[in-house]
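Numbering of ligands and ligand atoms starts at 1, following listing order.
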Amino acid sequence: MLGKIALEEAFALPRFEERTRWWASLFSTDPETHVKEITDINKIRIAHADKHGVGYQILSYTAPGVQDICDPKEAQALAVEINDFLAGEIKGHEDRLGAFATLSMHNPQEAATELRRCVEQYGFLGALVNDTQRAGPDGDEMIFYDNADWDIFWSTLTDLDVPLYLHPRNPTGTIYDKLWADRKWLVGPPLSFAQGVSLHALGMVTNGVFDRHPKLQIILGHLGEHIPFDMWRINHWFEDRKKALGLAETCKRTIREYFADNFWITTSGHFSTNTLTFCMGEVGADRILFSIDYPFENFDDACSWFDNAELNLVDKRKIGRDNAKRLFKLKGYKDSEASVAH
Ligand code: GRE
């Protein structure tokens, strides 16, 4: 399929090459290629895209990124540097590359202001945040965004009419020591990423974020971070016990309704037709978006899978690009001219 749109596509600042190499060494079979690919913005990845029929990519800063920086001033300065850098790098490639803002999440007003600057000044298409913000003098605090302090941030997103991508980061501090240190192979894609993000996303649901901000749009990667699989069970538990749990006050609608109106899921790093078909049943083809998770995954695996997956053509077009065009209002985007498939 030509003109696919992908939106969980990572980059890193070239000046952090050592840090990037360390992160790659934890996850990649070929750290050197990974470092080259992740620090490139507009050459290697556009060549991959041409080869595999990807017309447009929305780039975001790699995990854990700014969410790993405990000092609020340092985190804010780095977020601004990253946003300015990315805006400069995608200039002249606007037909192929878009951007999510990187945000320091220590302070809701500061995050809202930087988001607004990126959307209004640079035309960024929303923001991507790597789960909780690490904070505190020893880095052991975690800031969640599911309480009323963050309402100013959520109203800025809905006011600007852009989504937030809630992406994972690695467990740190006491949480890492207690849960993961003795089973470290489960950190990342096998388990910890989905646990972190699903806790945060369901925290937002149950703490009333979507009741207070009914227009808010949140994107989850990796086919929904395990939540679609549990949809029936969560629904069953909440709906039967809403009053008894005291949940009726803060979570007025059903989990399925929030997923129909407030969430999108992407195929990033999860290239299984079985799982995709299952998710189409649970959340619907209108709320699923193609993505790769480059360079943690490669274009060939993602695109060969998607292009050959046995799906009806209408759903394939929706998932491959039309839903993203709708969500990001990419009006001028030309499906078939934007990329060349070999
Ligand atoms: C990511 O998406 O950020 C990621 C990592 C490490 C391994 C896999 C992965 O940071 O998808």
Query raised in the report: Of all residues at least two apart in sequence or in a different chain, which pass the ring-ring contact (aromatic ring centres under 6.0 Å, His included) check with Phe16?
Result: none
Requested in this report: Could you find the nearest protein heavy atom to atom 9 (C) of ligand 1 and give me its residue, atom name and distance?
Outcome: Phe296 CG, 3.5 Å
Query raised in the report: Which part of His167 is near ligand 1, with near meaning a heavy atom under 4.0 Å away: side chain, backbone, both or neither?
Result: side chain
Query raised in the report: Tell me, which protein residue and heavy-atom name are nearest atom 8 (C) of ligand 1, and how many Å apart are they?
Result: Pro189 CG, 3.6 Å
Requested in this report: Go through ligand 1 atom by atom and flag the ones less than 4.0 Å from a non-hydrogen atom of Phe27.
Outcome: 6 (C), 7 (C)
Query raised in the report: Picking from Lys215, Arg253, Met204, Glu257, what satisfies side chain to side chain contact (heavy atoms under 4.5 Å, CB included) with Asn262?
Result: Arg253
Query - NZ/NE/NH1/NH2 to OD/OE distance under 4.0 Å, Asp159 and Arg116 - result: yes
Query raised in the report: Just distances here: any N/O of Asp293 and N/O of ligand 1 closer than 3.5 Å?
Result: yes
Requested in this report: Please determine which of Thr132, Leu166, Leu202 meets the side chain to side chain contact (heavy atoms under 4.5 Å, CB included) test together with Val197.
Outcome: Leu166
Query - Test item: Asn130 side-chain N/O and Arg169 main-chain N/O as donor-acceptor pair under 3.5 Å - result: no
Report task. Answer yes or no for Arg183 and Trp185: cation-pi contact, defined as NZ/CZ to six-membered ring centre under 6.0 Å and angle to ring axis within 45°. Result -> no
Requested in this report: Please could you name the atoms of ligand 1 that Ala63 approaches to less than 4.0 Å, counting only its heavy atoms?
Outcome: 3 (O)
Report task. Could you find the nearest protein heavy atom to atom 10 (O) of ligand 1 and give me its residue, atom name and distance? Result -> Trp23 NE1, 2.8 Å
Query raised in the report: Can Lys51 and Asp300 be counted as an ion pair, charged N to O under 4.0 angstrom?
Result: no
Query raised in the report: Considering only heavy atoms, does Ser268 approach ligand 1 within less than 4.0 Å through its side chain, its backbone, both, or neither?
Result: neither
Report summary line: Quick note on ligand 1: atoms under 4.0 Å from a heavy atom of Glu8 include exactly 2 (O)
